[in-house]
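Worth saying up front: this structure is predicted, and the values here are computed from it rather than measured. Position 1 is the first residue of the sequence, and the numbers go up from there.
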Amino acid sequence: MASVPEEIQSSELSVADQLDNEIATLRSQVESLKRELKLQTATLMTSEPTRQLLQKYSTRADDGSRMQELTARADEQEAHKQQCLYRACASITTFKVQDPDPNAVDEGKVIGLRFEIMSKSRFLRPYYVMLNRPYPNSPYLRIHRHTVPQCIPLSGLAARHLPPPTTKDDYDAPKKQDLPKFARTLRRELVRYHNRTAVIGDLRSAAGLESKNGKAKEMKDPIVDISAADAQAKQIRIEWSDGRTGRLVMSDDGDIVKMVVQGENGQDRECVRQLIGESVRIEEVIKRLENA
(Lines give C-alpha, C1' and ligand atoms only; values in the text may rest on other atoms or scores of the structure.)
Protein backbone atom coordinates (compact mmCIF):
# COMPACT_ATOMS: atom_id res chain seq x y z
CA MET A 1 0.00 0.00 0.00
CA ALA A 2 1.43 3.39 -1.06
CA SER A 3 2.37 5.77 1.73
CA VAL A 4 1.23 9.37 1.75
CA PRO A 5 4.06 11.80 0.96
CA GLU A 6 5.32 13.76 3.94
CA GLU A 7 4.84 17.10 2.14
CA ILE A 8 1.13 16.41 1.50
CA GLN A 9 0.64 15.20 5.07
CA SER A 10 2.34 18.30 6.53
CA SER A 11 0.29 20.60 4.28
CA GLU A 12 -2.92 18.90 5.44
CA LEU A 13 -1.86 19.41 9.05
CA SER A 14 -1.09 23.06 8.40
CA VAL A 15 -4.53 23.55 6.81
CA ALA A 16 -6.17 21.87 9.80
CA ASP A 17 -4.22 24.11 12.16
CA GLN A 18 -5.31 27.18 10.21
CA LEU A 19 -8.95 26.07 10.41
CA ASP A 20 -8.64 25.47 14.15
CA ASN A 21 -7.14 28.93 14.60
CA GLU A 22 -9.91 30.53 12.55
CA ILE A 23 -12.61 28.69 14.52
CA ALA A 24 -11.02 29.74 17.82
CA THR A 25 -10.81 33.35 16.62
CA LEU A 26 -14.45 33.36 15.51
CA ARG A 27 -15.60 31.90 18.80
CA SER A 28 -13.64 34.53 20.68
CA GLN A 29 -15.22 37.25 18.54
CA VAL A 30 -18.71 35.85 19.19
CA GLU A 31 -18.13 35.86 22.96
CA SER A 32 -16.78 39.40 22.77
CA LEU A 33 -19.81 40.57 20.76
CA LYS A 34 -22.17 38.93 23.26
CA ARG A 35 -20.49 40.76 26.12
CA GLU A 36 -20.59 44.02 24.19
CA LEU A 37 -24.30 43.53 23.37
CA LYS A 38 -25.09 42.84 27.02
CA LEU A 39 -23.17 45.94 28.09
CA GLN A 40 -24.84 48.21 25.52
CA THR A 41 -28.28 46.84 26.43
CA ALA A 42 -27.67 47.55 30.10
CA THR A 43 -26.47 51.07 29.28
CA LEU A 44 -29.56 51.81 27.19
CA MET A 45 -31.94 50.40 29.77
CA THR A 46 -30.59 52.65 32.52
CA SER A 47 -30.41 55.85 30.45
CA GLU A 48 -32.88 58.61 31.28
CA PRO A 49 -34.38 58.91 27.73
CA THR A 50 -35.15 55.17 27.73
CA ARG A 51 -36.88 55.39 31.10
CA GLN A 52 -38.94 58.35 29.91
CA LEU A 53 -40.07 56.41 26.85
CA LEU A 54 -40.99 53.41 28.98
CA GLN A 55 -43.05 55.59 31.30
CA LYS A 56 -44.70 57.30 28.34
CA TYR A 57 -45.82 54.12 26.58
CA SER A 58 -46.39 51.96 29.66
CA THR A 59 -50.15 52.77 29.65
CA ARG A 60 -50.78 51.34 26.20
CA ALA A 61 -53.14 48.39 26.41
CA ASP A 62 -52.05 46.72 23.18
CA ASP A 63 -48.51 46.14 24.36
CA GLY A 64 -48.85 46.42 28.13
CA SER A 65 -47.18 43.12 29.00
CA ARG A 66 -44.15 43.88 26.88
CA MET A 67 -43.78 47.35 28.38
CA GLN A 68 -44.11 45.95 31.89
CA GLU A 69 -41.34 43.46 31.13
CA LEU A 70 -39.06 46.20 29.82
CA THR A 71 -39.86 48.41 32.81
CA ALA A 72 -39.06 45.57 35.19
CA ARG A 73 -35.73 44.94 33.46
CA ALA A 74 -34.92 48.66 33.60
CA ASP A 75 -35.68 48.72 37.34
CA GLU A 76 -33.49 45.65 37.92
CA GLN A 77 -30.64 47.18 35.97
CA GLU A 78 -30.98 50.48 37.83
CA ALA A 79 -30.84 48.62 41.16
CA HIS A 80 -27.76 46.70 39.97
CA LYS A 81 -26.12 49.96 38.88
CA GLN A 82 -26.81 51.54 42.26
CA GLN A 83 -25.41 48.49 44.04
CA CYS A 84 -22.21 48.57 41.96
CA LEU A 85 -21.83 52.30 42.66
CA TYR A 86 -22.22 51.68 46.37
CA ARG A 87 -19.72 48.81 46.34
CA ALA A 88 -17.20 50.93 44.42
CA CYS A 89 -17.51 54.00 46.65
CA ALA A 90 -17.99 52.22 50.00
CA SER A 91 -15.25 49.61 49.70
CA ILE A 92 -15.17 49.01 53.47
CA THR A 93 -18.40 48.67 55.44
CA THR A 94 -19.24 47.61 58.98
CA PHE A 95 -22.18 45.64 60.32
CA LYS A 96 -23.28 43.94 63.53
CA VAL A 97 -23.72 40.19 63.97
CA GLN A 98 -25.14 38.18 66.84
CA ASP A 99 -23.13 35.05 67.64
CA PRO A 100 -25.61 32.16 68.18
CA ASP A 101 -23.25 30.44 70.60
CA PRO A 102 -24.78 30.83 74.10
CA ASN A 103 -21.28 30.75 75.61
CA ALA A 104 -19.88 33.46 73.35
CA VAL A 105 -17.99 36.34 74.91
CA ASP A 106 -19.56 39.79 75.27
CA GLU A 107 -23.06 38.28 75.01
CA GLY A 108 -22.37 37.20 71.43
CA LYS A 109 -21.92 40.73 70.06
CA VAL A 110 -19.73 40.70 66.94
CA ILE A 111 -18.62 43.56 64.70
CA GLY A 112 -18.10 42.66 61.05
CA LEU A 113 -15.93 44.33 58.41
CA ARG A 114 -16.74 43.77 54.73
CA PHE A 115 -14.05 44.46 52.11
CA GLU A 116 -15.04 44.97 48.48
CA ILE A 117 -12.32 44.16 45.92
CA MET A 118 -12.49 44.70 42.15
CA SER A 119 -10.23 42.92 39.67
CA LYS A 120 -10.37 43.15 35.87
CA SER A 121 -13.53 45.28 35.98
CA ARG A 122 -15.36 42.72 38.10
CA PHE A 123 -16.28 42.64 41.76
CA LEU A 124 -14.84 39.65 43.57
CA ARG A 125 -16.46 37.85 46.46
CA PRO A 126 -16.19 40.16 49.49
CA TYR A 127 -13.81 39.38 52.31
CA TYR A 128 -15.02 39.46 55.91
CA VAL A 129 -13.33 40.02 59.25
CA MET A 130 -15.33 39.44 62.43
CA LEU A 131 -14.27 41.17 65.65
CA ASN A 132 -15.40 40.71 69.25
CA ARG A 133 -14.51 42.05 72.70
CA PRO A 134 -13.16 39.12 74.74
CA TYR A 135 -11.36 41.23 77.35
CA PRO A 136 -13.36 41.86 80.55
CA ASN A 137 -14.25 45.51 81.19
CA SER A 138 -12.32 46.61 78.10
CA PRO A 139 -13.48 47.99 74.73
CA TYR A 140 -10.48 46.45 72.97
CA LEU A 141 -11.27 44.33 69.92
CA ARG A 142 -9.83 41.02 68.76
CA ILE A 143 -10.19 39.12 65.49
CA HIS A 144 -12.79 36.38 65.95
CA ARG A 145 -13.22 34.94 62.42
CA HIS A 146 -12.16 35.96 58.94
CA THR A 147 -12.16 34.91 55.27
CA VAL A 148 -8.90 36.65 54.35
CA PRO A 149 -6.40 34.53 52.33
CA GLN A 150 -3.62 32.96 54.36
CA CYS A 151 -0.97 34.80 52.34
CA ILE A 152 -2.13 38.15 53.77
CA PRO A 153 -0.25 38.98 57.03
CA LEU A 154 -3.45 39.47 59.01
CA SER A 155 -1.95 38.56 62.40
CA GLY A 156 0.86 41.08 61.90
CA LEU A 157 -1.58 43.83 60.95
CA ALA A 158 -3.72 43.01 63.99
CA ALA A 159 -0.70 43.10 66.30
CA ARG A 160 0.27 46.49 64.93
CA HIS A 161 -3.12 48.22 64.80
CA LEU A 162 -5.26 46.15 67.21
CA PRO A 163 -2.88 45.36 70.10
CA PRO A 164 -4.35 43.69 73.22
CA PRO A 165 -4.76 45.70 76.41
CA THR A 166 -1.90 45.82 78.85
CA THR A 167 -2.02 43.75 82.02
CA LYS A 168 -1.55 44.97 85.59
CA ASP A 169 2.00 43.64 85.70
CA ASP A 170 2.91 45.39 82.46
CA TYR A 171 4.60 48.72 83.12
CA ASP A 172 4.60 49.79 79.45
CA ALA A 173 2.27 52.52 78.34
CA PRO A 174 -1.05 51.14 77.07
CA LYS A 175 -1.29 50.96 73.30
CA LYS A 176 -4.34 52.34 71.56
CA GLN A 177 -6.21 50.41 68.91
CA ASP A 178 -6.83 52.02 65.53
CA LEU A 179 -9.62 50.14 63.76
CA PRO A 180 -9.93 52.52 60.75
CA LYS A 181 -6.20 52.25 60.04
CA PHE A 182 -6.34 48.48 60.40
CA ALA A 183 -9.19 48.30 57.88
CA ARG A 184 -7.46 50.60 55.37
CA THR A 185 -4.16 48.73 55.64
CA LEU A 186 -5.83 45.34 55.25
CA ARG A 187 -7.76 46.43 52.19
CA ARG A 188 -4.57 47.82 50.64
CA GLU A 189 -2.90 44.43 51.15
CA LEU A 190 -5.89 42.67 49.56
CA VAL A 191 -5.86 45.00 46.55
CA ARG A 192 -2.12 44.54 46.10
CA TYR A 193 -2.46 40.76 46.22
CA HIS A 194 -5.18 40.68 43.57
CA ASN A 195 -3.29 43.15 41.41
CA ARG A 196 -0.26 40.85 41.48
CA THR A 197 -2.32 37.79 40.56
CA ALA A 198 -3.99 39.77 37.76
CA VAL A 199 -0.58 40.80 36.42
CA ILE A 200 0.48 37.15 36.26
CA GLY A 201 -2.65 36.43 34.24
CA ASP A 202 -1.80 39.32 31.90
CA LEU A 203 1.70 37.90 31.46
CA ARG A 204 0.23 34.55 30.48
CA SER A 205 -2.08 36.23 27.96
CA ALA A 206 0.78 38.27 26.48
CA ALA A 207 2.83 35.09 26.06
CA GLY A 208 -0.09 33.38 24.31
CA LEU A 209 -0.67 30.85 27.09
CA GLU A 210 -4.35 31.83 27.50
CA SER A 211 -5.28 31.41 23.83
CA LYS A 212 -8.28 29.25 22.95
CA ASN A 213 -6.26 26.86 20.81
CA GLY A 214 -3.82 26.21 23.67
CA LYS A 215 -0.75 27.20 21.66
CA ALA A 216 1.96 29.49 22.94
CA LYS A 217 3.04 32.60 21.09
CA GLU A 218 5.37 31.86 18.17
CA MET A 219 8.95 32.68 19.22
CA LYS A 220 12.38 31.22 18.67
CA ASP A 221 12.16 29.62 22.11
CA PRO A 222 8.53 30.07 23.21
CA ILE A 223 7.48 30.38 26.82
CA VAL A 224 5.52 27.31 27.87
CA ASP A 225 4.41 28.29 31.37
CA ILE A 226 4.09 31.33 33.64
CA SER A 227 2.81 30.88 37.18
CA ALA A 228 3.10 32.22 40.71
CA ALA A 229 6.00 30.71 42.62
CA ASP A 230 4.79 31.64 46.10
CA ALA A 231 1.50 32.11 47.92
CA GLN A 232 1.78 35.91 47.97
CA ALA A 233 2.28 36.03 44.17
CA LYS A 234 5.41 38.16 44.57
CA GLN A 235 7.58 35.69 42.66
CA ILE A 236 6.82 34.54 39.13
CA ARG A 237 8.09 31.29 37.63
CA ILE A 238 8.76 31.33 33.86
CA GLU A 239 9.59 28.23 31.81
CA TRP A 240 10.81 28.06 28.21
CA SER A 241 10.50 25.23 25.71
CA ASP A 242 14.27 24.60 25.70
CA GLY A 243 14.29 23.82 29.43
CA ARG A 244 15.33 27.20 30.79
CA THR A 245 13.59 28.39 33.93
CA GLY A 246 13.38 31.88 35.34
CA ARG A 247 12.30 33.53 38.56
CA LEU A 248 11.07 37.12 38.56
CA VAL A 249 10.64 38.88 41.91
CA MET A 250 8.39 41.91 42.20
CA SER A 251 7.49 44.24 45.04
CA ASP A 252 4.10 44.65 46.69
CA ASP A 253 3.10 47.23 44.08
CA GLY A 254 4.41 45.46 40.97
CA ASP A 255 7.93 46.92 40.66
CA ILE A 256 10.58 44.56 39.34
CA VAL A 257 13.07 43.72 42.09
CA LYS A 258 15.19 41.03 40.41
CA MET A 259 15.09 38.35 37.75
CA VAL A 260 17.27 35.29 37.23
CA VAL A 261 17.16 32.78 34.36
CA GLN A 262 18.87 29.43 34.72
CA GLY A 263 19.90 27.38 31.69
CA GLU A 264 22.07 24.38 30.98
CA ASN A 265 25.23 26.47 31.28
CA GLY A 266 24.25 28.44 34.36
CA GLN A 267 22.68 31.87 34.50
CA ASP A 268 21.42 33.26 31.20
CA ARG A 269 21.74 37.04 31.48
CA GLU A 270 21.03 37.56 27.79
CA CYS A 271 17.60 36.00 28.20
CA VAL A 272 16.91 38.36 31.09
CA ARG A 273 17.86 41.34 28.93
CA GLN A 274 15.64 40.13 26.10
CA LEU A 275 12.65 39.63 28.38
CA ILE A 276 12.67 42.70 30.62
CA GLY A 277 15.18 45.05 28.97
CA GLU A 278 15.01 48.39 30.79
CA SER A 279 11.61 47.65 32.28
CA VAL A 280 10.94 48.85 35.81
CA ARG A 281 7.41 47.50 36.28
CA ILE A 282 5.70 44.25 35.31
CA GLU A 283 3.30 46.12 33.00
CA GLU A 284 6.25 47.11 30.84
CA VAL A 285 7.27 43.45 30.50
CA ILE A 286 3.71 42.65 29.39
CA LYS A 287 3.97 45.25 26.61
CA ARG A 288 7.32 43.81 25.51
CA LEU A 289 5.80 40.33 25.27
CA GLU A 290 2.79 41.62 23.33
CA ASN A 291 5.06 43.36 20.82
CA ALA A 292 7.45 40.41 20.51
Side-chain angles (χ1 to χ4, degrees), residues 88 91-92 113-129 143 146-163 178-210 216-217 219 223-240 244-263 266-292:
S91 56
I92 305 175
L113 298 178
R114 181 191 295 109
F115 297 88
E116 299 285 357
I117 307 296
M118 178 180 286
S119 179
K120 294 185 177 181
S121 303
R122 291 178 178 270
F123 284 106
L124 304 178
R125 179 177 295 180
Y127 292 103
Y128 296 93
V129 176
I143 295 178
H146 69 88
T147 62
V148 176
Q150 295 296 327
C151 60
I152 303 298
L154 184 60
S155 58
L157 297 178
R160 186 184 310 165
H161 303 294
L162 299 177
D178 193 343
L179 182 60
K181 192 171 183 180
F182 167 77
R184 291 194 302 268
T185 306
L186 176 55
R187 186 179 184 277
R188 183 167 62 247
E189 291 295 330
L190 289 170
V191 171
R192 285 174 170 175
Y193 168 70
H194 283 285
N195 286 343
R196 293 194 298 269
T197 56
V199 161
I200 295 176
D202 294 338
L203 276 174
R204 290 181 57 85
S205 299
L209 300 177
E210 299 292 338
K217 197 170 184 179
M219 301 177 182
I223 297 174
V224 295
D225 186 42
I226 298 177
S227 60
D230 64 333
Q232 294 182 334
K234 292 183 180 181
Q235 299 185 20
I236 305 174
R237 182 190 298 107
I238 305 175
E239 299 180 6
W240 282 264
R244 289 175 298 173
T245 59
R247 184 69 60 92
L248 191 153
V249 182
M250 60 178 168
S251 65
D252 293 337
D253 298 318
D255 296 327
I256 298 175
V257 177
K258 186 179 181 181
M259 182 176 181
V260 177
V261 176
Q262 195 76 17
Q267 292 190 17
D268 192 340
R269 295 180 174 84
E270 180 62 27
C271 181
V272 175
R273 285 192 291 269
Q274 291 178 0
L275 183 63
I276 65 176
E278 300 296 329
S279 302
V280 178
R281 293 188 54 82
I282 299 295
E283 292 83 357
E284 299 174 12
V285 180
I286 294 173
K287 292 181 180 179
R288 290 176 62 89
L289 281 176
E290 290 176 346
N291 298 328

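Among all heavy-atom pairs drawn from I256 and S279, the shortest one is CD1-O, 3.9 Å. When all heavy atoms of S251 and V257 are compared, the pair lying nearest together is N-CG2, 3.6 Å. Of all non-hydrogen atoms in L275 and V285, the two that sit nearest each other are O-CG1, 4.0 Å. Residues T147 and P126 come closest through the heavy atom pair OG1-O, 4.4 Å. Shortest non-hydrogen contact noted between I92 and A183 is CD1-O, 3.6 Å. The two atoms that bring Q232 and C151 nearest to each other are NE2-O, 3.2 Å, heavy atoms only.
The distance from the CG atom of L113 to the CG atom of L179 is 5.5 Å, given to the nearest 0.5 Å. Rounding to the nearest 0.5 Å gives a distance of 13.0 Å between CD of E189 and OH of Y127. Atom CD of Q274 and atom CZ of R269 lie 14.5 Å apart (nearest 0.5 Å). Within the model, atoms OG of S119 and CD1 of I117 stand 9.5 Å from one another, a figure rounded to the nearest 0.5 Å. Atom CG in L186 sits 8.0 Å away from atom CD1 in I143 (nearest 0.5 Å). Taken to the nearest 0.5 Å, the CG atom of L154 stands 5.0 Å off from the NE2 atom of H146.
When atom types are taken as modelled, the side chain of D230 and the backbone of Q235 share a donor-acceptor pair closer than 3.5 angstrom. A donor-acceptor contact shorter than 3.5 Å links the side chain of R187 to the backbone of E116.
Proximity of L190 to P149: side-chain heavy atoms (C-beta onward) are separated by under 4.5 Å at one or more points. Side chains of K120 and D202 form a contact here, defined as non-hydrogen atoms less than 4.5 Å apart. For the pair F115 and V148, the minimum side-chain heavy-atom distance is 4.5 Å or more.
Within 6.0 Å of the NZ atom in K258, the count of heavy atoms belonging to other residues, nucleotides or ligands does not exceed 12. By the neighbour-count criterion of 12 heavy atoms within 6.0 Å, atom CD of E278 is sparsely surrounded, having that number or fewer from other residues, nucleotides or ligands.
Comment: K287 does not engage E290 in a salt bridge, judged by the lack of any side-chain N to carboxylate O separation of less than 4.0 angstrom.
Screening I236, V260, L203 for a side-chain contact (heavy atoms from CB on, under 4.5 Å) with L248, the sole residue that qualifies is I236. Checking each of R196, R192, K234 against D253 for a salt bridge (Lys or Arg N to Asp or Glu O under 4.0 Å) leaves exactly one that passes, namely R192.
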Requested in this report: Decide side-chain contact (heavy atoms from CB on, under 4.5 Å) for N195 and V199; before the verdict, give the C-alpha distance in whole Å, the side-chain angles of both, and the deciding distance to 0.1 Å.
Outcome: CA-CA 6 Å; N195 286 343; V199 161; 5.6 Å; no
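Residues that satisfy the salt bridge (Lys or Arg N to Asp or Glu O under 4.0 Å) test with D255, not counting sequence neighbours, are R281. Annotation: side-chain contact (heavy atoms from CB on, under 4.5 Å) contacts of R244 (sequence neighbours excluded): D221, W240, D242, V261, D268, C271. Qualifying ring pair (Phe, Tyr, Trp, His ring centres under 6.0 Å) partners for F182, counting only residues two or more places apart in sequence or in other chains: none.
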